[in-house]
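To start, the structure itself, in structure tokens.
The basis for the numbers below is simple: all heavy atoms, side chains too, and nothing from hydrogens, waters or symmetry mates. None of these values were measured; they are calculated from a predicted model. Atoms within a ligand are numbered from 1 in the order they appear, just like the ligands themselves.
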Amino acid sequence: MDMNWYDSLGLADVARKVADGERLSMEDGERLFACPDVTAVGALAHHVRTRLHGDKTYYVVNRQINYTNICVNGCLFCAYGRERGQQGAFLLSQDEILAKAREGIPPAEIHAVGGCHPETPLSFYEEMLRELGKALPEAELKCFTLVEIAHFAHLEGCSTREVLLRLKDAGLVMMPGGGAEIFSPEIRTRICPKKITGEEWLRIAGEAHEVGIPTNCTMLYGHIESTRHRLEHLDELRRQQDKSHGFVCFVPLSFQARNNLLGVEHGPTGVDDLKTIAISRLMLDNIPHLKAYWIMLGTKLAQTALWFGADDLDGTIVEEKIGHMAGADSAASLSREELNEMIRGAGFTPVERSARFSERGENAAAKEVA
Ligand code: V47
Ligand code: SF4
């Protein structure tokens with residue numbers, strides 16, 4: 001690490017902390033956001049990423065399924081959700097969900113999420129998991145946001161713990177990290193007033209971890225929040241992780257600004273994306289992985305983000321609605337070969353993984369022999 005460089009930027013003490021593996025404070029985070037040299041911030045994050053993962057970059061052969069866009073929450077940033085009966089509203093049947101899951105090459109991960117439908121009972125989702133498990137026994141089922149868990153509990157008149165246990169029993173092994181948005185109540189009331197609070201989201205995350213369902217976690221950035229709100233969000237995530245240890249991967253979600261009711265016309269700039277990814281890597285010292293989600297970033301910026309602290313690109317996806325309805329101009333799908341090329345082209349070694357980040361294919365075989 002070139003200490004003279006950090007000295008010239010007034011960040012020698014922060015760089016020293018990073019080199020020593022010491023936790024950064026919120027003030028350190030503010031100073032990193034204020035640093036005009038994004039490459040200096042990126043190099044610090046790269047140091048941490050290399051310490052954790054060497055030159056490995058993970059990807060997954062997966063299939064996203066959105067089973068409904070009908071949602072009672074009406075978040076103002078969301079271009080995907082619809083009211084029942086509104087044009088474009090849909091709810092897939094079990095057969096349609098299964099048909100989507102069976103399309104294309106067999107996935108290692110099924111990533112299925114949806115809106116908070118006003119009536120669909122928990123038994124529908126239990127059946128969905130059981131049928132997916134029978135049809136694709138190799139796939140790990142990573143389904144439902146914590147927001148949906150709270151909604152299912154409300155509809156069912158039971159506790160969120162009970163919902164989690166029933167879904168686990170039906171085959172759920174992992175959960176994605178959506179619905180966290182920005183935890184700050186002052187922002188949450190303006191962007192998603194009907195959604196569960198940040199406190200509730202964190203409580204249910206802890207509960208999922210406790211019952212043996214690891215989860216990812218997210219942050220939706222680049223809308224009306226400040227860098228202070230982002231840092232508070234990251235700090236809350238790492239405090240939860242100190243307690244429950246179940247967050248596997250952090251997914252920064254770059255705001256896609258088309259078709260929203262917030263009155264925001266542009267998402268973050270590329271430099272803001274890279275800085276946010278790098279600072280997230282630096283702040284979240286207890287969460288192992290960080291995803292450059294190519295759907296929201298575009299493939300070129302996602303590839304570049306591998307030099308700014310990210311170690312995962314997510315996957316083949318096949319079909320994506322949430323980002324694309326909000327204007328994401330990325331492709332809908334990438335092949336395993338394209339993901340490998342992106343990773344090799346950036347100078348890293350591709351590693352195929354499962355939803356829970358266990359290594360698969362050749363990498364896993366090589367590890368077993370060693
Ligand atoms: O919960 C909604 C966000 C999330 C927009 O855990 C938006 O591996 C950007 O959570 N611009 C769903 N984001 C996606 C998600 C996710 C995706 C990939 C991998 C994983 C994982 C999780 O998308 C929602 C919401 O926070 N979102 N609208 C938008 N306009
Ligand atoms: Fe519903 Fe999720 Fe969209 Fe909010 S972000 S309106 S909870 S689908």
Side-chain angles (χ1 to χ4, degrees), residues 58-60 62-84 86 89-90 109-118 140 142-151 174-183 188 191-196 198 201 205 208 214-223 225 233 246-262 264-268 273 287 289-297 302 310 312-317 320-330 353-357:
Y58 296 89
Y59 72 94
V60 61
N62 64 353
R63 186 23 157 137
Q64 278 198 21
I65 301 175
N66 297 127
Y67 34 77
T68 184
N69 64 351
I70 299 173
C71 186
V72 297
N73 279 339
C75 303
L76 281 80
F77 59 80
C78 177
Y80 168 75
R82 294 282 182 282
E83 285 182 21
R84 201 171 23 184
Q86 196 183 339
F90 70 86
E109 166 188 289
I110 294 280
H111 174 162
V113 292
C116 294
H117 191 276
E140 289 189 344
K142 178 183 105 177
C143 311
F144 317 116
T145 63
L146 300 172
V147 175
E148 290 178 85
I149 299 299
H151 179 70
M174 170 81 188
M175 291 179 67
E181 321 314 356
I182 285 282
F183 292 139
R188 227 170 163 80
I191 67 171
C192 51
K194 293 196 198 155
K195 198 168 244 172
I196 54 171
W201 190 96
T215 73
N216 289 339
C217 51
T218 57
M219 172 173 76
L220 176 66
Y221 67 93
H223 39 91
E225 85 295 354
H233 186 94
F247 290 132
V248 180
C249 182
F250 174 66
V251 192
L253 292 166
S254 180
F255 181 53
Q256 308 296 304
R258 192 124 9 110
N259 305 325
N260 71 78
L261 297 173
L262 284 178
V264 176
E265 287 178 8
H266 303 286
D273 282 320
I287 299 184
H289 297 282
L290 192 147
K291 181 172 307 196
Y293 186 38
W294 64 263
I295 290 280
M296 305 295 185
L297 294 171
D312 180 59
L313 280 180
D314 203 82
T316 50
I317 311 271
E320 199 282 337
K321 292 199 167 76
I322 298 170
H324 283 93
M325 290 180 89
D329 57 7
S330 51
R353 64 163 175 86
S354 72
R356 288 177 287 185
F357 278 80

Ligand-side contact atoms (ligand 2) for residue partner [X], heavy atom cut-off under 4.0 Å:
X     : answer
Phe77 : 5 (S)
Gly74 : 6 (S)
Asn73 : 7 (S)
Cys71 : 1 (Fe), 6 (S), 7 (S), 8 (S)

In terms of residue, atom name and distance, what is the protein heavy atom nearest to [atom]?
atom                    : result
atom 4 (Fe) of ligand 2 : Cys75 SG, 2.3 Å
atom 1 (O) of ligand 1  : Gly179 N, 2.9 Å
atom 18 (C) of ligand 1 : Tyr293 CZ, 3.3 Å
atom 12 (C) of ligand 1 : Ile322 CD1, 3.9 Å
atom 2 (Fe) of ligand 2 : Lys195 NZ, 4.1 Å
atom 22 (C) of ligand 1 : His111 CE1, 3.8 Å

What part of [X], side chain from CB on, backbone N/CA/C/O, both or neither, has a heavy atom under 4.0 Å from ligand 1?
X      : result
Pro176 : both
Asp314 : side chain
Ser254 : backbone

Checking contacts here: is it the side chain or the backbone of Cys78 that comes within 4.0 Å of ligand 2, counting heavy atoms only? Could be both or neither.
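Just the side chain.
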Ignoring hydrogens, what is the shortest heavy-atom contact between [X] and [Y]? Give both atom names and the distance.
X      : Y      : answer
Pro268 : Phe255 : CD-O, 3.6 Å
Leu313 : Lys291 : C-CG, 4.5 Å
Ile182 : His233 : CA-ND1, 3.5 Å
Gln256 : Ala326 : CB-O, 3.2 Å
Cys217 : Trp201 : CB-CH2, 3.8 Å

Atom 7 (C) of ligand 1: of Val147, Ile182, Leu253, Leu220, the nearest heavy atom sits on Leu220
Polar side-chain atom of Asn73 near backbone of Cys192 as donor-acceptor pair, under 3.5 Å
no
Counting backbone and side-chain atoms alike, does Cys116 have an N/O/S atom under 2.8 Å from atom 1 (Fe) of ligand 2?
no
